[in-house]
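Below, read A as the first sequence line, B as the second, and so on, with proteins coming before strands; counting in each chain starts at 1. Everything numeric in this text was worked out from a predicted model, so none of it was measured. FYI, side chains are in, hydrogens and waters are out, and symmetry mates aren't considered; it's all heavy atoms of this structure.
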Amino acid sequence: MRIERVKGTRDFLPGDMRKRREIETKLRGIAELWGYEEISTPTFEHAELFTIKSGEDILKEMYEFRDKSGRHLALRPELTAPVIRLYVNELKMAPKPTKVYYFGNCFRYEEPQRARYREFWQFGAEIIGSDRPEAEAEIIALAYSIIKELDIDAELHLGHVGLIRELLRTAGVSEDMISRVMRLIDKGARDELMELMRIMGVEDGDTLMRIIDQKGETAIEEARNMVTAHNEAIEHLEHLRQLLDYYGVVYDLNLGIARGLDYYTGMVFEIYEAGNKLGAQRQICGGGTYRLAALFGGDDVPSTGFAFGFDRLAEVYHSDDKEPKKVVVVPVKNEPEVLQAAIGITTRLRKHFNTYLDVMGRGLRDQLAYANTIHASYAVILGKRELTEDKVTLRDLETGEQYKISLDECIAKLKRAL
RNA sequence: GCCGGGGUGUGGUAGAGGUAUCCCUUGGGACUGUGGAUCCCAAGACCUGGGUUCGAAUCCCAGCUCCGGCCCCA
């Protein structure tokens, strides 16, 4: 009976992993250069951590279970909530701002489709302790520089739910209806939205719709006209936009981004792949400013952060995908003294190079044939002749040239070549 | 949860009622101190379960799963 891979999961072959590690290394490198430190949280948590954040409805989209002592647990469906929990449990006393990044697998019980899996990876960063425009601008600029560094064709959309909420209040939408309206905005359900606003007797419905629809400068102008002359949310957004210009971030202003969730309080942004390589799942990054810590029993500190869909990045990213350079040590004969020398030499070479040594008991010819199939660059051949002269034969497998030289010369030569 | 299209060795394929073709891959040999070629031998597949049939990879049904789309996306 053959056991199949579980639906929505993937195996990663050596070529896949080279590419994924390459991306991961770049992401980590950038985050570190920006002053973020890595943290890691458990793969599973109390299910409650996620239902507090997102409501009971998400239980059906989670890998949720009871352990042997009846704890109600879930495989993490995302990493923001665990990171904020970690902060509340462990990092409250850390100096502010607390800047962290994370990379880990997440699980969702959903129908798999292109660029959507049941096990997937997220890479994200958070600034905990500030929701000032400076913090928001840094987070956006960090996400932006990741896109640039990976040379991904993408567009960044910037919105501000704080402002939208403000506008809704000004227009007379009651506090308890705001969440519902935000969800409709997020879904882009125009007709439904218009209908709801008509029922609620919202006067400035049309203006509101325009602000949401119109992207860019004019939307801000309309918003400014709608609220009182000096509005905190607008000033905040303008300050943020100023800073983004300083950073050189190119973006589209789109106040229709609502990210329906209640805990978002300020700036929100999304990054979409623009080369049409991801089909329906174009979004590769989402982020914003939110207040979650209080929900998990901490102080009401604001945070701002983002999460990249790592697998989507991997699908879009062009890797050079160079195979590692390999050296093959080839003992000519399967005899104790030759093998002993071969192991000694291999051990020395392994301090510097990716080195293979036969484990199949093959003869010289087959070892070289194998070296060829794994695309090795050099073979270090040794047999009785080399042993008596205390030398090795270094063969360049691309040109076919070979020299009988000392091991030290051989290492020096390989160092220059690889 | 819904809609459409698929599942044949590792991968890529042919076969459209009579137990499977070719390429590639892998192991061994020709070939006991020199790889990529050639030849030979070997290994390896009809997604699963039912049904129809003398006989099913092929037709029917169900399931699983993959791909794409909808819904959703913390």
Could you state the [atom1]-[atom2] distance from [X] to [N], rounded to the nearest angstrom?
| X | N | atom1 | atom2 | value |
| --- | --- | --- | --- | --- |
| Asp396(A) | G36(B) | CG | C1' | 14 Å |
| Glu45(A) | A74(B) | CD | C1' | 14 Å |
| Asp358(A) | G27(B) | CG | C1' | 14 Å |
| Glu110(A) | G1(B) | CD | C1' | 12 Å |
| Arg10(A) | U65(B) | CZ | C1' | 16 Å |
| Gln122(A) | C73(B) | CD | C1' | 11 Å |
| Glu111(A) | C67(B) | CD | C1' | 13 Å |

Using a heavy-atom cut-off of 4.0 Å across all strands, would you classify [X] as base, sugar-phosphate, or nothing?
| X | answer |
| --- | --- |
| Gln283(A) | nothing |
| Gly363(A) | nothing |
| Arg362(A) | sugar-phosphate |
| Arg5(A) | nothing |
| Glu386(A) | base |
| Ala371(A) | nothing |
| Gly8(A) | sugar-phosphate |

Measure from NZ or CZ of [X] to the centre of the six-membered ring of [Y] and say whether it is under 6.0 Å with the direction within 45° of the ring axis.
| X | Y | answer |
| --- | --- | --- |
| Arg20(A) | Phe12(A) | yes |
| Arg108(A) | Phe120(A) | no |
| Lys413(A) | Tyr403(A) | yes |
| Arg76(A) | Phe50(A) | no |

Closest heavy-atom pair and its distance - Ala342(A), Leu357(A): CB-CD1, 4.1 Å
Shortest side-chain distance from [X], nucleotide among [options]:
| X | options | value |
| --- | --- | --- |
| Leu368(A) | C72(B), C2(B), G35(B) | G35(B) |
| Asp366(A) | G29(B), A74(B), G33(B) | G29(B) |
| Lys7(A) | U65(B), C71(B), C2(B) | U65(B) |
| Asn372(A) | G36(B), A74(B), G68(B) | G36(B) |
| Arg365(A) | A74(B), C66(B), C31(B) | C31(B) |
| Ile381(A) | A74(B), U34(B), C72(B) | U34(B) |
| Lys333(A) | U32(B), G35(B), C72(B) | U32(B) |
| Arg114(A) | G33(B), A74(B), G68(B) | G68(B) |
| Gln113(A) | C66(B), C70(B), U34(B) | C70(B) |

Report the base-pairing partner of [N] (Watson-Crick or G-U wobble, both distances below 3.5 angstrom), or none.
| N | result |
| --- | --- |
| C39(B) | G29(B) |
| G49(B) | C61(B) |
| U19(B) | none |
| C72(B) | none |
| U34(B) | none |

Answer syn or anti for A16(B), where the cut-off is 90° from 0 on the glycosidic torsion. syn
Under a 90° cut-off about 0 for the syn range, is U19(B) syn or anti? syn
Step through it carefully: locate the ring centre of [X], locate the ring centre of [Y], and say whether they are under 6.0 Å apart.
| X | Y | answer |
| --- | --- | --- |
| Phe269(A) | Tyr251(A) | no |
| Tyr63(A) | Phe65(A) | no |
| Phe123(A) | Tyr101(A) | yes |

Can you say whether a donor on the side chain of Arg116(A) sits under 3.5 Å from an acceptor on the base of C72(B), or the other way round? yes
Taking atom CD of Glu45(A) and atom CG of Leu86(A), what is their separation to the nearest 0.5 Å? 9.0 Å
Answer yes if the side chains of Glu48(A) and His72(A) hold a donor-acceptor pair under 3.5 Å, and no otherwise. no
Do the side-chain N and O atoms of Gln402(A) and Tyr378(A) include a donor-acceptor pair separated by under 3.5 angstrom? no
Taking the [atom1] atom of each, how far is [N] from [M], in whole Å?
| N | M | atom1 | answer |
| --- | --- | --- | --- |
| U13(B) | C22(B) | C1' | 8 Å |
| C24(B) | U8(B) | C1' | 15 Å |
| A37(B) | G50(B) | P | 46 Å |
| G7(B) | G12(B) | C1' | 14 Å |
| C72(B) | C59(B) | C1' | 38 Å |
| U25(B) | U65(B) | C1' | 24 Å |
| C71(B) | A45(B) | C1' | 38 Å |

Which of residues 397-412 of chain A have a heavy atom under 4.0 Å from RNA chain B? Leu397(A), Gly400(A), Gln402(A)
Using only side-chain N and O atoms of Arg395(A), determine if any of them is under 4.0 Å from OP1 or OP2 of U34(B). no
